[in-house]
Amino acid sequence: MIRDARVLRAGFVPREVEHRDAEVNHLSSVLEPITNDEPADTAIVTGPSGAGKTCISKFVTERLREEVLDVEATYVNCWRNHTRFRALYQILDDLGTTIDIHRQSTPHDELTNRLQEYDGPRTVVILDEVDQLEDPSIIYTLHDLPQFAIICIANTEEELFSQIDDRLVSRLRSSEHVRMDKYHDDQLFDILRARAKWGLDEDVIVDDQLYRIADAAAGDARLAIGILRTAASKADRENCDRITDDILLDSAEDARAQIKQKSLESLTPHQRVVYEIVRDHGPIGPSEIHEHYSDDVDDPRTKRTVRTYLSKMVQYNLLEAEGTSRDREYSIVDSKVASPMG
DNA sequence: GCTCCACCGGAAATTTAGGGAA
DNA sequence: TTCCCTAAATTTCCGGTGGAGC
């Protein structure tokens, strides 16, 4: 029943982007100077999750590379590569200049030097989830090098600007800003129908079901496609020739759980223990968290380190904090959005 | 208004981990 | 193996914040 599984994967970039013509054209025009071997402006792409920020950024750069020979592109997920070293390493790795760079014994400056010395084709650097960078100075470094055009992707402008220093803020304010909104239900339906058409056999899923997925996903294309993918593979495993309503209902829950699971996998064992304490006992204050935590592990870290864990998990949207001082309490983020799938 | 105190988070110091060279 | 180097993680220290109780 699954014709082409790639189409249903999260990172898939389609040949045609639906309902984002204005944004695609806007971003293309910002990068346009590159086609004449001239430096391009930095672009900032903002919008809620699942609005298609990553998708159109990759789409536009891929199309650019089809049109022009001497253009490179590199994609950095700053959430996974949140240190300056890892982000720089990822870029240099894509450019093929990391042959003799080793993770542990190469100074930071060496990576910066490599970047400055780079004299290959002009390169578009997509910095996804850029507000997750621990040290945003990498934006500054790249911004100064005419060889690189940067696309900064973040949820909101405020989140991005709150992380970086004033000098850079004033520079970025003059950058081109592509704003994206959540998809409407009918737009999401079109996206799903296109994916179903290429990814699944005919009649595996009916329009009414696609509408219900669009409705349940509340404007989030990543979630919508995740639900479709989960439903298709579930039906495939169960040897059904079409997706039943029961399967669809289960898949909506599973797809949400999967997205959260991905975040949890990036936590260290100690961080995981802290998360589980908050999940089981929350809302709960920091002292109590540390007491439970010290009981649960053999070699507990200090309160200060646990505070760092907690603020990190708040940033990752796994936990939420209420109160500012002595009244502060942590609880897990409730991802159960009312689901109209039934 | 004052003091206490749990908590926050920045900065610097220290420890840990992992790779290369001799 | 041992020594040396560096990034990353952690700890130590500490000033700042803001409820709670008086």
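Computation of the quantities below employed the complete heavy-atom set of this structure, encompassing side-chain atoms and omitting hydrogens, waters and symmetry-equivalent molecules. Numbers restart at 1 for each chain; the letters A, B, ... are given by sequence-line order, proteins then strands. This structure is a prediction, so every number in the text was calculated from the model and none was measured.
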* Strictly below 4.0 Å, heavy-atom distances to any atom of DNA chain C: list the hits from residues 265-278 of chain A, or just say none. => none

Side chain to side chain donor-acceptor pair (under 3.5 Å) partners of [X], counting only residues at least two apart:
X        : result
A/His143 : A/Thr42
A/Asn317 : none
A/Gln315 : none
A/Asp128 : A/Thr54, A/Tyr75

* Structure fact -> Output for pair (A/Thr141 OG1, A/Gln116 CD), nearest 0.5 Å, gives 7.5 Å

Mind calculating the distance between [atom1] ([X]) and [atom2] ([N]) to the nearest angstrom?
X        : N      : atom1 : atom2 : result
A/Leu111 : C/dC5  : CG    : P     : 19 Å
A/Tyr89  : C/dT6  : OH    : P     : 17 Å
A/Phe85  : B/dG18 : CZ    : P     : 15 Å
A/Leu88  : C/dA8  : CG    : P     : 10 Å
A/Glu110 : C/dA7  : CD    : P     : 11 Å

* Do the side-chain N or O atoms of A/Thr302 get closer than 4.0 angstrom to the phosphate oxygens (OP1, OP2) of C/dT10? -> no

* To do: Could you tell me whether the phosphate oxygens of C/dA9, OP1 or OP2, come under 4.0 Å of any side-chain nitrogen or oxygen in A/Tyr309?
  => no

Could you list the donor-acceptor pairs under 3.5 angstrom formed by side chains in residues 221-231 of chain A, with sequence neighbours left out?
| residue | atom | partner | partner atom | Å |
| --- | --- | --- | --- | --- |
| A/Arg229 | NH1 | A/Leu8 | O | 2.9 |
| A/Thr230 | OG1 | A/Gly226 | O | 2.7 |

* Structure fact -> Pairs under 3.5 Å (Watson-Crick or G-U), crossing ones as [ ], inter-strand ones as |: DNA chain B comes out as ||||||||||||||||||||||

* Asked: Which residue pairs satisfy the salt bridge (Lys or Arg N to Asp or Glu O under 4.0 Å) criterion with at least one member in residues 27-52 of chain A, sequence neighbours excluded?
  -> A/Asp37-A/Arg122

* Asked: Got a sec, which pairs hit salt bridge (Lys or Arg N to Asp or Glu O under 4.0 Å) with one end in residues 286-305 of chain A, sequence neighbours left out?
  -> A/Asp299-A/Arg301

* Look at A/Lys234 together with A/Asp254 and state whether they make a salt bridge at an N to O cut-off of under 4.0 Å. => yes

* If a pair satisfies side chain to side chain donor-acceptor pair (under 3.5 Å) and one of its residues is in residues 5-17 of chain A, list it, with sequence neighbours excluded. => A/Asp4-A/Arg6, A/Arg15-A/Glu66

* Asked: What one-letter contact string describes nucleotides 3-16 of chain B from 5' to 3', where B marks a base within less than 4.0 Å of any protein heavy atom, S marks contact via sugar-phosphate atoms alone, and - marks no contact?
  -> --BBSBBB------

* Structure fact -> With sequence neighbours left out, the residues meeting side chain to side chain contact (heavy atoms under 4.5 Å, CB included) with A/Glu320 are A/Ser331, A/Val333

